[in-house]
2 protein chains.
Amino acid sequence: MTGEARPTRGPLLRDVAERAGVATGTVSNVLHNPGKVAPATLARVEAAIAELGYVPNAAARQLSRGRSGAIGLLVLDARNPFFNDLAAGVEEAAGQLDLAVLLATSSERSDRERLYLDRFEQSRVDGILVTPVGGSSKQLKAIRDRGTPIVLLDRLASTPGFISVAVDDVEGGRLAGQHLIDAGCRHVAFVGGPVSLEQVRNRLAGARRAVDAAGVALAHLPTSRMSADEGQRVGREIAAMPAGERPDGVFAANDLLALAVLQALLLAGVRVPDDVAVIGYDDISFAALAAVPLSSVRQPSYQMGRRAMELLAAVMQDGEGGQGTSRQVVFMPELAARASTLRRRAG
Amino acid sequence: MTGEARPTRGPLLRDVAERAGVATGTVSNVLHNPGKVAPATLARVEAAIAELGYVPNAAARQLSRGRSGAIGLLVLDARNPFFNDLAAGVEEAAGQLDLAVLLATSSERSDRERLYLDRFEQSRVDGILVTPVGGSSKQLKAIRDRGTPIVLLDRLASTPGFISVAVDDVEGGRLAGQHLIDAGCRHVAFVGGPVSLEQVRNRLAGARRAVDAAGVALAHLPTSRMSADEGQRVGREIAAMPAGERPDGVFAANDLLALAVLQALLLAGVRVPDDVAVIGYDDISFAALAAVPLSSVRQPSYQMGRRAMELLAAVMQDGEGGQGTSRQVVFMPELAARASTLRRRAG
DNA sequence: GCATCCCACTGAACCGCTTCACAAGCATTC
DNA sequence: GAATGCTTGTGAAGCGGTTCAGTGGGATGC
């Protein structure tokens, strides 16, 4: 090693200590246990920190402490207000617990999901909250077994052995299907996909249940993503169908799809709800503002976020990833009936 | 130190090395320069990694490398689709550069802004992208002077000496104001706040310019935040005004406000655009879907995000925070005229 | 047959902070 | 006045990686 001056980045804790005439441990205490330091010393150290413009290095801190003080939150779609609200709930609860939130988006792609889960684990987050794309449950299990607590979001039954917070999507789907039937629909179409998403499967299953019971036909119009552009595509397709084949009721797997379908129908001159009734899922705030206010199935997104974070915190407390714990918190969905479905013998 | 078995977290790089019968440096190379390792060795090490379930420790890595490989992105409001789109643009560009994005929300509060900027700096992010709340420019300057490159988002003229990417909000405000005048409005109200936000000041200034030139009255109805609930409140107030005092044109500082104002007006039986024309700002995707499709001033949010990230990367490349560089990238806003303003002698 | 060069690999030093056993100073207590 | 207990401070030993000067040995050159 040459004696040359390395382009060291900034002042170190050690520099602060030297300047204040104390040991490094004392500076560390000033930073984290000011109560244990005599007032005069405290003042001297704080002055030194200010004068030098000292900024602690989080990586070094984390390395020696062993904990990161952060949790990872992985959602399906950062541009869907439902997940924004959910994330807001998580952040609120995390803030109260003095935890930072690392937010990432899988965009419904399992390769990105894998990538971000890896990053989270490498960052040694204290816990992970994830809306799984599906198909990565081995990775989730492995991470949990290595000691990182995980809480599944927006996931029900499957993947046993995991703690989860979700809405009963089968019931939600049933509510939507039943509502369309009550509105007089005889040909219902379910718009949504990919079916690798559990949410989609469950909502479809619930709708099918209601529809079957009523002896009504159900078609599945698949989408490759739960996004507005896919909704638009399907909406145009529906509008283009000959009146005989066209469904008279559409249940879209989320509001992004539903709003886009709604718009495409209106643009094509199809009347909503008279020709086609439309209902969505999530009840995002924009649903009520739509050209024809959109009926939807409400999920308590913010609450779910809060609750999930609280559960995660609980597992983080009593150690070891909570392998045993298999706990499901299930919220109940609510129907929000609006103009997009209200017509003949409206129930 | 007792000889007790510490509850060590997981296998270390050193354990992998031992198991594969190589030195730690070699394992490190397998991880980051696989080309420099002989195939047989590579295979052995990779096997050891898999068998042990080794997960690298990001903190340790960062500490010894000195770089974090991440940038910080601080936005005003995570629930505003405009910022979601912008963030998507940033993430896209960052991904291509192999940079992770730390996303945080100030919620338009300068205390949170300070907090997250501190965190970013402590995490030694390689750069920061920020939509400033206002009033924290000393902190920004300090951070930049200590060597972390910063690019300001959605900020124009002020804070010289900074690189920024923004839309010309004064022009945007002028467009909106002129459009209302063209629509025949004689009493224009500007809804938005707080004025500590530069965006608000500029949009108001632009509107005032257009309105003054036309000899039309302009009232400012302030809000404490740029959120839907504030919009609803003001919307109700407008609806409650006696017809004589009520503005006949409303320019809201963003679409969240505008959509809420629109809804409140409609609910109160005020006709849009006949009684009151409404125009927003940002042109979020939901604007076009509204009950009365909302006119708006479009900002190329995604593009701005991309561009900002690219600029930041450029500064990160040629070192030292880019103190000298004062570069402003200005996008031009576009008017998106829709039903909410289209009436009498519509321009 | 010897000097040279590469290649693959080694391992100790270092990144910047926290921790914790220990010590010093000073009051109290009996 | 020695024993006891607090309060305040000390500083070396990690935390788990990366780096890079160096080592050994086979291939190449002449």
Side-chain angles (χ1 to χ4, degrees), chain A residues 1-45 48-49 52-69 121-124 146-147, chain B residues 1-18 20-45 48-49 52-69 121-124 146:
Chain A
M1 173 143 315
T2 72
E4 304 294 347
R6 289 221 161 191
T8 311
R9 261 294 155 230
L12 308 180
L13 182 141
R14 160 192 332 144
D15 301 324
V16 173
E18 192 175 352
R19 174 155 193 142
V22 297
T24 61
T26 301
V27 177
S28 186
N29 275 333
V30 168
L31 258 24
H32 308 295
N33 303 74
K36 298 198 166 192
V37 179
T41 314
L42 216 173
R44 246 174 36 244
V45 173
I49 289 176
L52 292 166
Y54 168 69
V55 179
N57 182 319
R61 174 166 213 279
Q62 181 182 334
L63 181 58
S64 51
R65 301 222 336 163
R67 330 203 78 240
S68 68
E121 199 180 9
Q122 294 181 188
S123 298
R124 297 296 189 268
R146 282 185 219 112
Chain B
M1 175 145 314
T2 72
E4 304 294 348
R6 288 225 164 188
T8 311
R9 261 296 154 228
L12 308 181
L13 182 141
R14 156 189 338 141
D15 301 324
V16 174
E18 190 175 354
V22 299
T24 61
T26 301
V27 177
S28 187
N29 275 333
V30 168
L31 258 24
H32 308 297
N33 303 73
K36 299 199 163 191
V37 179
T41 315
L42 215 173
R44 249 178 29 250
V45 172
I49 288 176
L52 262 44
Y54 168 69
V55 179
N57 183 318
R61 175 168 160 67
Q62 182 182 334
L63 181 58
S64 49
R65 301 222 336 162
R67 330 202 78 240
S68 68
E121 199 181 7
Q122 294 181 187
S123 298
R124 298 295 189 267
R146 281 186 220 113

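Residue numbers begin at 1 in each chain, while the letters A, B, ... track the order of the sequences. Heavy-atom basis, side chains included; hydrogens, waters and symmetry copies ignored. This is a predicted model, so every value here is computed, not measured.
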Determine the contact category for A/V27: base if any of its heavy atoms lies under 4.0 Å from a base atom, sugar-phosphate if only primed atoms, P, OP1 or OP2 are that close, otherwise nothing.
->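 Since no nucleic acid heavy atom lies under 4.0 Å of A/V27, the category is nothing.
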When all nucleic acid strands are considered with a 4.0 Å heavy-atom cut-off, which category describes B/G25: base, sugar-phosphate, or nothing?
->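 It contacts base atoms.
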Given [options], identify the nucleotide with an atom nearest to the side chain of [X].
X	options	value
A/L13	D/dT19, C/dC17, D/dG17	C/dC17
B/L63	C/dC17, D/dT18, D/dG16	D/dG16
A/V37	D/dG16, D/dT19, D/dG9	D/dG9
B/A23	D/dT8, C/dT10, C/dT18	C/dT10
A/T24	C/dT19, D/dG16, D/dT18	C/dT19
B/A60	C/dT18, D/dG16, D/dT18	D/dG16
B/H32	D/dT18, D/dG16, D/dA12	D/dT18
A/Y54	D/dT18, D/dG16, C/dC17	C/dC17

OP1 or OP2 of [N] versus the side-chain N and O atoms of [X]: is any pair under 4.0 Å?
X	N	answer
A/S28	C/dC17	no
B/T26	C/dT10	yes
A/R61	C/dT18	yes

Taking [atom1] from [X] and [atom2] from [N], how many angstroms apart are they, rounded to a whole number?
X	N	atom1	atom2	answer
B/L52	D/dG17	CG	C1'	16 Å
A/N29	C/dT18	CG	C1'	9 Å
A/R65	D/dA13	CZ	P	23 Å
A/Q122	D/dG16	CD	P	15 Å
A/Q62	D/dG14	CD	C1'	16 Å
B/R67	D/dT18	CZ	C1'	15 Å
B/R44	C/dT10	CZ	C1'	13 Å
A/R124	D/dG16	CZ	P	8 Å

Non-hydrogen side-chain atoms of B/D15 and B/L12 separated by less than 4.5 Å |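 Touching, per the 4.5 Å side-chain cut-off.
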Is any side-chain heavy atom of A/I49 less than 4.5 Å from a side-chain heavy atom of A/L31?
->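 Yes, close enough: below the 4.5 Å cut-off.
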Looking only at side chains, do B/H32 and B/R61 share a donor and an acceptor under 3.5 Å apart?
->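 Side chains of B/H32 and B/R61: pair found under 3.5 Å.
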Taking [Y]'s backbone N and O only, do any of them form a donor-acceptor pair with [X]'s side chain (distance below 3.5 Å, no angle check)?
X	Y	result
A/R124	A/S68	no
A/Q62	B/A58	no
B/N33	B/K36	no

